[in-house]
*Asks:* 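I am attaching a structure below and will ask some questions about it afterwards.
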Amino acid sequence: MVKALVAHEPESKPEVVEVELPVLGPGDLRIGLAAAGVCHSDLSMTNGTVTPKFPVVLGHEASGVVLEVGSAVDDIEVGAPVVLNWAAPCRRCWFCLNAQPWLCRRVEKTVSTPGGKLADGTPLNLALAVGAFAEETVVPRWGVVPLPPGIPADVAALMGCAVLTGFGAVRNSAQVRSGESVAIFGLGGIGLSALVAARMAGAGPIVAIDINPEKEATARALGATDFLLYDDSLPKTIRGLTERRGVDHAFECVGRPETIHTAWSSARRGGKCFVVGVGRRDQAVEISALELYHYARELSGCALGSSDPDRDIPMYCSMIGSGSLDLQPLISHRTDLDGINDAFDRMRAGEGLRTVVEFDAEGFR
Ligand code: APR
Ligand code: ZN
């Protein structure tokens with residue numbers, strides 16, 4: 001039995017309980033968790049925005065160490081440090097074969113997978129086939145990306161979701177170029193990753209937007225040239241910062257209809273708006289037919305930052321190793337499993353940056 005944070009049903013407060021791990025299959029790995037980031041999508045699984053099967057072990061952004069290897073796995077050993085990969089492409093579906101592994105059919109269907117049991121024998125599910133808010137988990141071999149030595153467990157965890165999604169949105173989806181203007185709405189782990197990527201791409205101006213004024217210092221330290229508090233008149237203010245045009249690229253990293261609309265309206269004629277945030281099924285974004293024609297903008301959903309984790313995580317590791325990418329400033333709080341509900345409270349209030357859950361994993365190099 002291991003300790004895990006389980007959501008028993010929608011709209012209920014998740015609880016730390018003892019759970020029985022899934023049986024290790026021939027193609028599986030047992031992972032001892034080292035660190036796990038608390039992502040808004042974890043909260044979204046408890047409030048009806050995203051609908052996993054319940055009861056479910058939450059958590060999907062994590063690093064760990066291989067504790068046990070299934071009999072059919074021959075390319076990874078006990079002791080190897082890994083990033084857990086909730087978006088592992090199958091490499092066989094139409095999307096994978098046509099160079100869009102982030103749209104993989106298997107990933108699309110995997111909100112949760114059956115795995116493990118509660119103490120009373122009730123079958124359990126793992127969020128995004130990972131279930132990272134637990135001392136240990138069991139995942140398929142393809143559910144991890146091996147890490148080179150020397151990457152700290154906390155930043156390794158962030159690579160599993162915030163960086164793939166936020167950094168990828170700027171680098172892969174938008175392919176932001178030097179000198180292009182960018183606006184980023186929502187400065188949580190995802191938006192801040194996008195901000196770091198925009199700075200590294202040489203973008204400017206980089207306008208960072210949040211409802212929380214306390215985010216200004218972090219945003220500026222990470223490369224924002226301007227910080228604005230969210231309100232409906234932002235498009236006008238942003239045009240004032242961009243020679244009256246609007247930005248080349250707007251990134252919505254909140255997941256709400258009003259911020260999507262405002263981000264879209266902040267892009268220049270012919271500019272692009274990327275919806276990185278995950279909104280609710282029952283909330284619509286309304287755009288006037290005339291505006292849609294007149295502004296000739298692109299409005300694009302942005303799944304996993306158009307990332308291929310097997311390609312991009314090693315690249316981020318090299319950038320961390322060479323000192324060009326520093327993810328530590330994205331982490332504001334550290335806690336144990338019992339502190340995750342407090343991290344959710346901070347998230348509801350728009351406070352703090354990434355909270356990282358730290359485990360006593362032995363052997364993480
Ligand atoms: N305008 C601007 N910022 C806002 C607004 C708003 N109207 N409402 C909330 N925010 C800010 C919050 O203050 C917070 O700083 O958005 C940020 C969201 O941060 P997190 O809750 O940490 O979310 P994060 O994990 O970054 O995820 C962002 O991407 O992957 C999706 O499901 C995820 O939809 C979520 C989004
Ligand atoms: Zn996430």
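Order of listing sets the numbers, starting from 1, for every ligand and every atom in it.
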*Asks:* Where does Lys215 meet ligand 1, judged by heavy-atom distances below 4.0 Å: at the side chain, the backbone, both, or neither?
*Replies:* side chain
*Asks:* Thinking salt bridges, do Arg91 and Asp308 make one under a 4.0 Å N-O criterion?
*Replies:* yes
*Asks:* Against heavy atoms of Gly350, which atoms of ligand 1 measure under 4.0 Å?
*Replies:* 12 (C), 13 (O)
*Asks:* Among all the protein's non-hydrogen atoms, which is closest to atom 34 (O) of ligand 1, and how far away is it?
*Replies:* Val278 N, 2.9 Å
*Asks:* Counting heavy atoms only, which part of Ile190 comes closer than 4.0 Å to ligand 1: side chain, backbone, both or neither?
*Replies:* both
*Asks:* Hey, is Arg334 close enough to Asp154 for a salt bridge, meaning N to O under 4.0 Å?
*Replies:* yes
*Asks:* Under a 4.5 Å side-chain heavy-atom rule over Ile, Leu, Val, Met, Phe, Trp and Tyr, are Phe251 and Met200 clustered together?
*Replies:* yes
*Asks:* Please list the nearest protein heavy atom to atom 4 (C) of ligand 1 with its residue and the distance rounded to 0.1 Å.
*Replies:* Val254 CG2, 3.7 Å
*Asks:* More than 12 foreign heavy atoms under 6.0 Å from CD of Gln283: is that the case here?
*Replies:* yes
*Asks:* Going only through I, L, V, M, F, W and Y residues with side-chain contacts under 4.5 Å, is there a path from Val254 to Leu229?
*Replies:* no
*Asks:* Between Tyr230 and Thr259, is any side-chain donor less than 3.5 angstrom from a side-chain acceptor?
*Replies:* no
*Asks:* Counting non-hydrogen protein atoms only, what is the nearest one to atom 13 (O) of ligand 1? Give residue, atom name and distance.
*Replies:* Asp210 OD1, 2.6 Å
*Asks:* Does the distance from a Lys or Arg side-chain N to an Asp or Glu carboxylate O, for Arg268 and Asp248, drop under 4.0 Å?
*Replies:* yes
*Asks:* Indicate whether the side chain of Arg354 and that of Ser332 have a donor and an acceptor atom separated by less than 3.5 Å.
*Replies:* no
*Asks:* Can you tell me which residue and heavy atom of the protein come closest to atom 10 (N) of ligand 1, and the distance to 0.1 Å?
*Replies:* Ile211 CG1, 3.8 Å
*Asks:* Considering only heavy atoms of Met347, which atoms of ligand 1 have at least one such atom less than 4.0 Å away?
*Replies:* 21 (O), 22 (O)
*Asks:* Looking at Val19, Val57, Val357, Ile340, which hits side chain to side chain contact (heavy atoms under 4.5 Å, CB included) with Leu5?
*Replies:* Ile340
*Asks:* As an exercise, identify every atom of ligand 1 less than 4.0 angstrom from a heavy atom of Ser41.
*Replies:* 30 (O), 32 (O), 33 (C)
*Asks:* Which residue supplies the protein heavy atom nearest to atom 25 (O) of ligand 1, what is that atom called, and how far is it?
*Replies:* Arg354 NH1, 2.8 Å
*Asks:* Which one of Gly188, Gly279, Ser193, Ser332 has a non-hydrogen atom at the shortest distance from atom 19 (O) of ligand 1?
*Replies:* Gly188
*Asks:* Check whether the side chains of Glu286 and His261 place a donor and an acceptor atom closer than 3.5 Å, and report yes or no.
*Replies:* no
*Asks:* Determine whether Val107 and Leu164 fall in the same hydrophobic cluster, where Ile, Leu, Val, Met, Phe, Trp and Tyr are linked whenever their side-chain heavy atoms lie under 4.5 Å apart.
*Replies:* yes
*Asks:* Tell me, which protein residue and heavy-atom name are nearest atom 29 (O) of ligand 1, and how many Å apart are they?
*Replies:* Gly277 CA, 3.6 Å
*Asks:* Can you spot which of Glu135, Glu136, Lys117, Glu68 makes a side chain to side chain contact (heavy atoms under 4.5 Å, CB included) with Leu21?
*Replies:* Glu136
*Asks:* Starting from atom 16 (O) of ligand 1, locate the nearest protein heavy atom and write down its residue, its atom name and how far away it is, to 0.1 Å.
*Replies:* Gly186 CA, 3.4 Å
*Asks:* Report the part of Phe185 in contact with ligand 1, treating N, CA, C, O as backbone and CB onward as side chain, heavy atoms under 4.0 Å; options are side chain, backbone, both, neither.
*Replies:* neither
*Asks:* With heavy-atom distances below 4.0 Å as the criterion, list the atoms of ligand 1 near Thr259.
*Replies:* 1 (N), 6 (C), 7 (N)
*Asks:* So for atom CZ, which belongs to Arg297, do other residues, nucleotides or ligands contribute more than 12 heavy atoms lying within a distance under 6.0 Å?
*Replies:* yes
*Asks:* If you measure from each heavy atom of Thr165 to ligand 1, is any distance below 4.0 Å?
*Replies:* no
*Asks:* Surrounding CD of Gln328 (heavy atoms of other residues, nucleotides or ligands, distance under 6.0 Å), is the total greater than 12?
*Replies:* yes
*Asks:* Under 4.0 Å from ligand 1, counting heavy atoms only, is it the side chain of Cys253, its backbone, both or neither?
*Replies:* backbone
*Asks:* To the nearest 0.1 Å, how far is atom 23 (O) of ligand 1 from its closest protein heavy atom, and which atom is that?
*Replies:* His40 CB, 3.2 Å
*Asks:* Check the Zn ion (ligand 2) and write out every protein N, O or S atom at under 2.8 Å, as residue and atom.
*Replies:* Cys39 SG, His60 NE2, Cys161 SG
*Asks:* Within a distance under 4.0 Å of any heavy atom of Gly189, pick out the atoms of ligand 1 and give their elements.
*Replies:* 22 (O), 26 (O)
*Asks:* Under the side-chain hydrogen bond (donor to acceptor under 3.5 Å, both in side chains) definition, can you give me all pairs with a residue in residues 311-321, not counting sequence neighbours?
*Replies:* Asn172-Asp312
